[in-house]
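Notes follow once the structure below has been shown.
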Amino acid sequence: MTLADLAGKTVLLNLWATWCAPCRAEMPALDALQKEKGSAAFQVVAVNVDAGDDVKPKKFLADTGVHTLGYYRDSTMTLFNDLKTRGLALGLPVTMLIDGEGCLIAHMNGPAEWAGPDAKRLVETALGS
């Protein structure tokens, strides 16, 4: 899958790993944001960047109560390394807000309370609501 597959949709793209302690706290909030705000116009896409197979990441999601997010992986870390080369990723988690035309609106390194009122206002503003 590429961002082109999500053309026309505002996307909150998050990269995470099972060994990332802040990711453990953040994933349930991303799941809640997708559950509340996910639509034909908006989607949270959380991409796991662990090496290896799917067992550990899927267990991590189950253990943290994540049920709404789709399951996406880049076990090669190519996406993370590309973002790092561009100066957009310093570590994990890293999150980017991308508009329906594929333009980067905002990005941040580190965890956030994605189910909180500030995050919801950010999404609503990006959607023009």
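Predicted model only: the values in this text are computed from it and were never measured. These numbers come from the heavy atoms of this one structure, side chains and all, not from hydrogens, waters or symmetry mates. In this chain, residues are counted from 1 in sequence order.
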When you measure from the side chain of [X] to the backbone of [Y], do you find a donor-acceptor pair of N or O atoms at a distance under 3.5 Å?
X	Y	result
K120	A115	yes
N109	V94	no
Q34	V44	yes

Minimum heavy-atom distance D31-L69, with the two atoms named | OD1-N, 2.9 Å
Between L97 and A126, the two heavy atoms sitting closest are CD2-CB, 3.7 Å
Residue pairs passing the disulfide (SG to SG under 2.5 Å) test where at least one lies in residues 1-55, sequence neighbours excluded | C20-C23
Which disulfide (SG to SG under 2.5 Å) pairs, counting each pair once, include a residue from residues 42-81, with sequence neighbours left out?
-> none
Any salt bridge (Lys or Arg N to Asp or Glu O under 4.0 Å) pairs touching residues 89-108, not counting sequence neighbours?
-> none
What pairs meet the salt bridge (Lys or Arg N to Asp or Glu O under 4.0 Å) rule with one or both residues in residues 76-89, with sequence neighbours excluded?
-> D82-R86
Could you tell me which residues satisfy salt bridge (Lys or Arg N to Asp or Glu O under 4.0 Å) with [X], sequence neighbours excluded, listed by chain and number?
X	value
D118	R121
E113	none
D74	none

Are side-chain heavy atoms of [X] and [Y] found at a separation under 4.5 Å?
X	Y	result
T85	F80	no
V47	N14	no
M77	D50	no
L92	W19	yes
L79	V49	no
L12	F42	yes
I98	I105	no
K37	E124	yes

Using the test side chain to side chain contact (heavy atoms under 4.5 Å, CB included), find all partners of P111 that sit at least two apart in sequence or belong to another chain.
-> P22, E26, P93
Partner set under side chain to side chain contact (heavy atoms under 4.5 Å, CB included) for S75, not counting sequence neighbours | R73
Under the side-chain hydrogen bond (donor to acceptor under 3.5 Å, both in side chains) test, which residues partner T10, sequence neighbours left out?
-> none
Who pairs with N81 by side-chain hydrogen bond (donor to acceptor under 3.5 Å, both in side chains), at least two apart in sequence or on another chain?
-> none
No-hydrogen, no-angle side-chain donor-acceptor test under 3.5 Å, Y71 and N48 | no
Review item, side-chain donor-acceptor pairs of residues 55-62, under 3.5 Å, at least two apart:
{"from": "K59", "atom 1": "NZ", "to": "D63", "atom 2": "OD2", "distance (Å)": "2.7"}

Starting at NZ of K9, measure out to CG of L127 and round the result to the nearest 0.5 Å.
-> 11.0 Å
Any chance you could measure L88, atom CG, to T95, atom OG1, to the nearest 0.5 Å?
-> 12.0 Å
